[in-house]
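Whatever order the structure lists them in is the order used to number ligands and atoms, beginning at 1. Numbers for residues simply follow the sequence, beginning at 1.
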Amino acid sequence: MLHTRTTPAQRRRALRDRLATGRLLLMPGLLNPLTARLVQDTGFEAAYLSGAVLAADLGLPDIGLTTSTEIAARAQQTTSATDLPVLIDADTGFGEPMNAARTVQLMEDAGLAGLHLEDQVNPKRCGHLDGKTVVPREEMTRRVRAAVEARRDPDFLLMARTDARAVEGLAAAIDRAKAYVDAGADAIFPEALADEKEFETFRAAVHVPLLANMTEFGKGRLLDARTLENLGYDIALYPVTLLRLAMGAVEDGLRTLAAEGTQESLLPRMQTRSRLYELLRYERYTAFDSAVFDFTLPPGA
Ligand SMILES: C[C@](O)(C(=O)O)[C@H](CC(=O)O)C(=O)O
Ligand SMILES: [Mg+2]
């Protein structure tokens, strides 16, 4: 509340316009709605809701256990806390092509700026793990077409992700990406490319915006923003970075508290109360409240 000034349509337009500049867009994956404020305040222009984080938040592994309505609810809470365009990871679309279609409409209604759908089978797994299986190319193109037909706002970004590189090789992944673009995908997420050469080959072959997944402890090297921009990539994704940072700090903090019997030594690492209140916009609520209540009624009213 009192956090957003823009409509979903404006944010979708903003994301489209930003991608059209050809400059690399850095997209951190949120931990929760509150971190969306922090991502916005630190100057990022878009944010991401990761399937891995949404699942981990519920104490679940990233194997397709969450449902589309569960993630739509979280998306709704998130988009109410920020003006940034938010892209969500919609996994495999949660079932048949008709489920993918419903997922698109749920995500539109949640105020998101776009989503990505991947070509894995269910149960899916993290794109950087071995043993993935992909659905036949035609099945995924049906998924994409269903998503495109269901979309009501043409600015809502539909990104197709292919996990085929690790399963069928680079050439097949490129062929699939082209087929998904022909089916109507606006952008492509080539998952788990091996090295810079592969990023380059993919870029040369596919003529829509491309996302580079810079997830930590995965298959690829972490390429910096300058390198990705030179490679011609449009979005640099940091899907689980905030979760890993926070969980590292929380675990260290718990061990220190248990060992020292006080949190005193942890204070310098904590966000202060005043910074938290600043993020929560306490002042604005106070102003809002007095504007509503700070008046006197005329006699007899
Ligand atoms: C991008 C991703 O799909 C996610 O859910 O965030 C994951 C990230 C990860 O597990 O590190 C992925 O499959 O790459
Ligand atoms: Mg995912």
- Over 60° means perpendicular and under 30° means parallel, so classify the ring planes of F199 and Y233, tilted if in between.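 Answer is perpendicular, since the angle exceeds 60°.
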- Query: Parallel, tilted or perpendicular for Y48 and H116, by the 30°/60° rule?
  - Reply: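 Judged by the thresholds at 30° and 60°, the geometry between Y48 and H116 is parallel.
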Close-contact set for ligand 1 against [X] heavy atoms, below 4.0 Å:
X    : value
D62  : 5 (O)
T215 : 8 (C), 9 (C), 11 (O)
R244 : 11 (O)

- Message: For a 4.5 angstrom cut-off between non-hydrogen side-chain atoms, does R176 reach D119?
- Response: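 Of all side-chain heavy-atom pairs linking D119 with R176, at least one is under 4.5 Å.
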- Less than 4.5 Å apart, any side-chain heavy atom of L87 and any of M159?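 Contact flag for L87/M159 side chains = yes.
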For the 3.5 Å polar cut-off, considering only N or O atoms, please tell me whether [X] and ligand 1 meet it.
X    : answer
A52  : yes
G51  : yes
N213 : yes
D89  : yes
S50  : yes

- Query: If you look at D89, which of its N/O/S atoms is nearest to the Mg ion (ligand 2)?
  - Reply: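 Of the nitrogen, oxygen and sulfur atoms in D89, the Mg ion (ligand 2) lies nearest to OD2.
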Salt bridge or not between [X] and [Y]? Use side-chain N to carboxylate O under 4.0 Å.
X    : Y    : value
E229 : R226 : no
R142 : E138 : no
D83  : R5   : no

Identity and separation of the nearest protein heavy atom to [atom]:
atom                    : answer
atom 12 (C) of ligand 1 : E191 OE2, 3.2 Å
atom 10 (O) of ligand 1 : C126 SG, 3.0 Å
atom 13 (O) of ligand 1 : G127 N, 2.6 Å
atom 3 (O) of ligand 1  : R161 NH1, 2.8 Å

- Residues that T42 engages under side-chain contact (heavy atoms from CB on, under 4.5 Å), provided they are two or more places apart: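 Testing T42 for side-chain contact (heavy atoms from CB on, under 4.5 Å), a comparison that skips the adjacent residues, returns F44.
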- N, O or S atom of E118 closer to the Mg ion (ligand 2) than 2.8 Å: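 Looking at E118, which is the residue asked about, there is no N, O or S atom under 2.8 Å from the Mg ion (ligand 2).
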- Message: With salt bridge (charged side-chain N to carboxylate O under 4.0 Å, His left out) as the criterion, how do D17 and R13 come out once you've worked through the C-alpha distance, each side chain's angles and the decisive distance to 0.1 Å?
- Response: CA-CA 6 Å; D17 291 346; R13 196 64 253 162; 3.1 Å; yes
- Query: Does ligand 1 have any atom sitting under 4.0 Å from a heavy atom of F217?
  - Reply: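 Contact absent.
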